[in-house]
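The structure appears below as structure tokens.
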Amino acid sequence: MRHIISILVNNQPRVLARVASLFGRRNFNIESISVGESEEPGLSRIVIVTHGDARTMEQVSKHLHKLIDVIKVQDLSIQQSVARELLLVKVGATSSNRAEIQGIIEPFRASVVDVGTNSLMIQATGDREKLDALIELLRPYGIKELARTGITALPRSMQIQTKAHLHA
Amino acid sequence: MTTDQKHASTDRELTGSEILLRCLIEENVEFIFGYPGGAVLPIYDSLYYGSIKHILYRHEQGAIHAADGYARATGKPGVVIATSGPGATNLVTGIATAQMDSIPLVCITGNVPQQLIGTDAFQEADITGITMPITKHNYLVQDVRDLPRVVKEAFHIASTGRPGPVLIDIPKDVSNAKAPFSYPETVSIRGYQPTTNPHPLQIEKLHQAIAESKRPLILAGGGVVTSGSDQELIAFAERAQIPVTTTLMGLGGFPGTHPLWLGMPGMHGTVAANRALLECDLLIGIGARFDDRVTMGRIDKFATGAKIVHIDIDPAEIGKNVDTYIPIVGDVKRVLEVALQDLPVCQSETWLEKLEQLKQQYPLTYKQSDNTLKPQWVIQHLYETTGGDAIVTTDVGQHQMWVAQYFRFSRPRSLISSGGLGTMGFGFPAAIGAQLAYPDRTVISVTGDGGFQMTAQELAVVALANIPVKVAIINNQCLGMVRQWQEVFYQRRYSEVDLSGSPDFVKLAEAYGVKGMRARTQEEARQVWREALDHPGPVVIDFQVDPEENVYPMVAPGAGLDEMMLGDE
């Protein structure tokens with residue numbers, strides 16, 4: 001199962017290396033990783049998307065806790081959370097199909113952030129599936145360059161228990 | 001120590017290296033094990049005037065194993081200093097050895113000045129990066145004003161919770177920079193708060209499981225030794241009437257002469273211990289990590305009918321290798337103290353009788369011989385003549401297993417062995433560290449002709465300081481354990497295990513000014529060993545033993561504990 005792990009760490013040199021090294025050393029996988037400042041000065045938040053069964057996730061969490069620079073570990077997949085990723089994609093565009101591309105990206109609430117003679121740069125945010133769908137729709141126009149940030153996430157304030165959630 | 005040092009702080013500015021040494025004095029460090037070099041010149045200059053005894057080894061690996069031996073013998077952190085680059089990388093094996101066995105070490109390395117870090121400067125190595133996966137924590141000190149806090153934290157982290165090695169890398173400009181000195185009285189690390197007290201509900205569950213059990217078993221590991229809870233363990237086992245098997249790291253944590261003791265379990269364990277693991281209905285793991293040398297990695301065949309209780313201070317150990325019915329996170333000593341209150345008694349009479357029969361029926365044996373010297377006999381002889389009071393260190397391999405089998409360790413911290421990493425070359429320098437800690441005890445380094453040659457250069461240290469370590473080389477002229485595996489699993493294709501070309505160990509010892517002796521028969525062995533024990537200084541004995549001897553019982557890799565090979569007798 002896919003898990004989003006949020007790790008609050010001391011903002012120290014090498015702390016990302018410590019966390020990444022732990023995942024490598026213990027044979028845990030990393031689908032994506034994103035790091036940035038958190039609400040508290042001196043602390044950073046690392047969000048890692050990983051895959052594993054319940055036993056593996058328990059080990060991931062326990063081993064992360066053993067790192068001295070790790071303050072808090074949360075599995076955001078076992079609670080309701082908002083998970084978002086930023087996508088920048090440069091697609092081939094001519095004067096004739098620009099409007100068509102605009103029409104495609106509009107339902108995704110994506111926007112054009114740069115225009116070249118033969119291309120457009122599109123910015124989109126959302127969960128992974130949404131961005132995957134957008135990329136597939138843009139592929140026929142020719143994807144020249146693409147960059148994704150990886151997921152960052154926070155738990156929702158209201159945790160509403162649903163049946164599906166209990167089985168997650 | 002003067003009162004000035006007790007509440008250590010100065011208005012006068014000190015250099016980083018002076019501050020470092022003041023910190024070590026504050027931590028009551030007795031010995032520094034080390035080797036100088038360019039990047040630690042300021043530290044060695046401060047040491048020149050200092051009050052802490054420094055022991056100069058001949059290789060950084062020797063220094064760190066000695067610091068480790070000191071730590072294992074005393075329970076106090078061992079301190080080692082090495083220079084940047086090759087000095088630091090020579091520590092790596094020793095750091096990994098300590099990490100695997102949860103041994104408290106504070107490793108101090110010099111580094112090139114900060115403005116040269118990252119430029120591939122002379123003798124530069126990224127030692128904090130290199131040791132990240134094999135230390136409990138490590139530091140690169142970037143500001144001299146951080147040094148006292150870092151040293152305080154390093155000793156705290158190394159010696160509390162589940163102990164382990166901590167490395168402090170100090171660039172040369174930090175050693176030279178000046179700052180006022182003030183040693184912090186307390187430590188507060190937000191991300192490091194080990195749980196020591198067990199959850200009362202879990203203790204209730206443990207009591208209930210004990211009351212219901214007919215075939216209970218305690219698997220005691222190194223955590224019993226580390227936490228100093230041997231007395232609590234004896235009380236626990238005796239009062240609840242539960243037999244005990246101790247892992248390699250747990251030997252001495254429960255007396256080897258106790259009627260409830262079954263011996264060591266696992267790959268070279270006793271029949272009684274392994275049968276008990278197979279047939280128990282309740283298995284209480286105490287400070288043991290269910291390592292693959294105990295379970296054989298075959299969890300499907302391990303204690304399948306048992307409820308498993310796991311007591312450990314490291315939550316990450318619980319559920320790592322086996323599924324646990326009752327997890328108990330806490331300091332082993334504290335957990336046992338709490339569990340001893342209102343401890344129920346097991347209805348285990350039939351079970352104990354059965355295990356006693358197995359002990360009688362399948363004792364550890366080997367074929368006696370009049371013509372050759374049997375390694376097992378030598379080990380037994382060392383045990384019988386020292387009455388279980390000696391501190392014994394080992395390398396890794398056959399002699400290590402024979403020590404584990406034939407010594408009956410009666411108290412903790414008397415076996416010093418690289419259990420987790422299985423480091424050759426560990427035993428002899430570790431014995432030096434243990435002997436420094438206990439100058440009046442007999443310290444025996446039981447080693448092999450292979451392992452001894454990995455750190456034999458430290459003979460210079462024992463010769464120079466007259467450190468009376470007794471080195472017993474179990475010399476079978478080959479890499480015995482590898483040879484054994486090639487014999488059993490590779491149809492006797494003996495690939496690169498012949499150690500022909502080894503030096504004459506007697507002459508080697510003498511070349512360093514150490515007494516050397518040789519024994520080829522039991523009679524010679526008795527005689528030279530007596531002489532060795534009577535000799536006030538260090539001794540090297542070359543016990544030339546039967547090269548064909550194998551360690552039994554043995555469980556093949558990939559097999560379960562139910563498939564023990566008992567050997568030819």
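We name chains A, B, ... by the order of the sequence lines, and we start the count at 1 in each one. Note that the coordinates shown come from a computational prediction; the quantities given were computed from them, not determined experimentally.
Heavy atoms of A:Arg55 lying under 4.5 Å from chain B belong exclusively to its side chain. Within the 4.5 angstrom heavy-atom criterion, no atom of B:Glu317 approaches chain A. For A:Leu43, the part lying near chain B is the side chain, with the backbone staying farther off; criterion is any non-hydrogen pair under 4.5 Å. The part of B:Asp314 that comes within reach of chain A is its side chain, from C-beta onward, which places non-hydrogen atoms under 4.5 angstrom from that chain. Heavy-atom distances place no part of A:Leu8 under 4.5 Å from chain B, backbone and side chain included.
Crowding of A:Glu106 atom CD: a count of heavy atoms from other residues, nucleotides or ligands under 6.0 Å not exceeding 12. For B:Tyr325, the OH atom sits in a loose shell: 12 or fewer heavy atoms of surrounding residues, nucleotides or ligands are nearer than 6.0 Å. Surrounding CD of A:Glu37 are at most 12 heavy atoms belonging to other residues, nucleotides or ligands under 6.0 Å away. In B:Asp120, the CG atom is not crowded: 12 or fewer heavy atoms of neighbouring residues, nucleotides or ligands sit closer than 6.0 Å. Around the NZ atom of A:Lys90, the shell of radius 6.0 Å holds no more than 12 heavy atoms that belong to other residues, nucleotides or ligands. No more than 12 heavy atoms of other residues, nucleotides or ligands shown are found within 6.0 angstrom of NZ on A:Lys72. For B:Asp300, the CG atom is densely surrounded, since the number of other residues' heavy atoms within 6.0 Å is greater than 12. Residue B:His156 qualifies as enclosed at atom NE2: its count of foreign heavy atoms under 6.0 Å is above 12.
A salt bridge links A:Arg14 with B:Asp126: the distance from a Lys NZ or Arg NE/NH1/NH2 to an Asp or Glu carboxylate oxygen falls below 4.0 Å.
A distance-only check finds a donor-acceptor pair linking the side chain of A:Gln59 to the backbone of B:Ala316 [under 3.5 Å].
Ranking B:Gly129, B:Gly191, B:Pro133 against chain A, the residue ahead of the rest is B:Gly191, based on heavy-atom pairs under 4.5 Å. In terms of heavy-atom pairs under 4.5 Å with chain A, the best-connected choice from B:Glu153, B:Lys136, B:His137 is B:His137.
B:Tyr192 OH to A:His65 NE2: the interatomic distance, rounded to the nearest 0.5 Å, is 15.0 Å. Within the model, atoms NE2 of A:His63 and NZ of B:Lys320 stand 6.0 Å from one another, a figure rounded to the nearest 0.5 Å. How far CD1 of B:Ile189 is from CD1 of A:Ile68: 6.0 Å, rounded to the nearest 0.5 Å.
Side-chain contact check for A:Pro13 versus B:Gln142: some heavy-atom pair is nearer than 4.5 Å. Within the 4.5 Å cutoff, the side chain of B:Ile318 has no heavy atoms near those of the A:Glu58 side chain.
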Start with the C-alpha gap between B:Asn138 and A:Arg18, add the side-chain angles, then the distance that decides, and say whether side chain to side chain contact (heavy atoms under 4.5 Å, CB included) holds.
CA-CA 10 Å; B:Asn138 64 22; A:Arg18 285 183 201 281; 2.9 Å; yes
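Nearest approach of B:Met132 to A:Ser21, heavy atoms of both residues: SD-CB, 4.5 Å.
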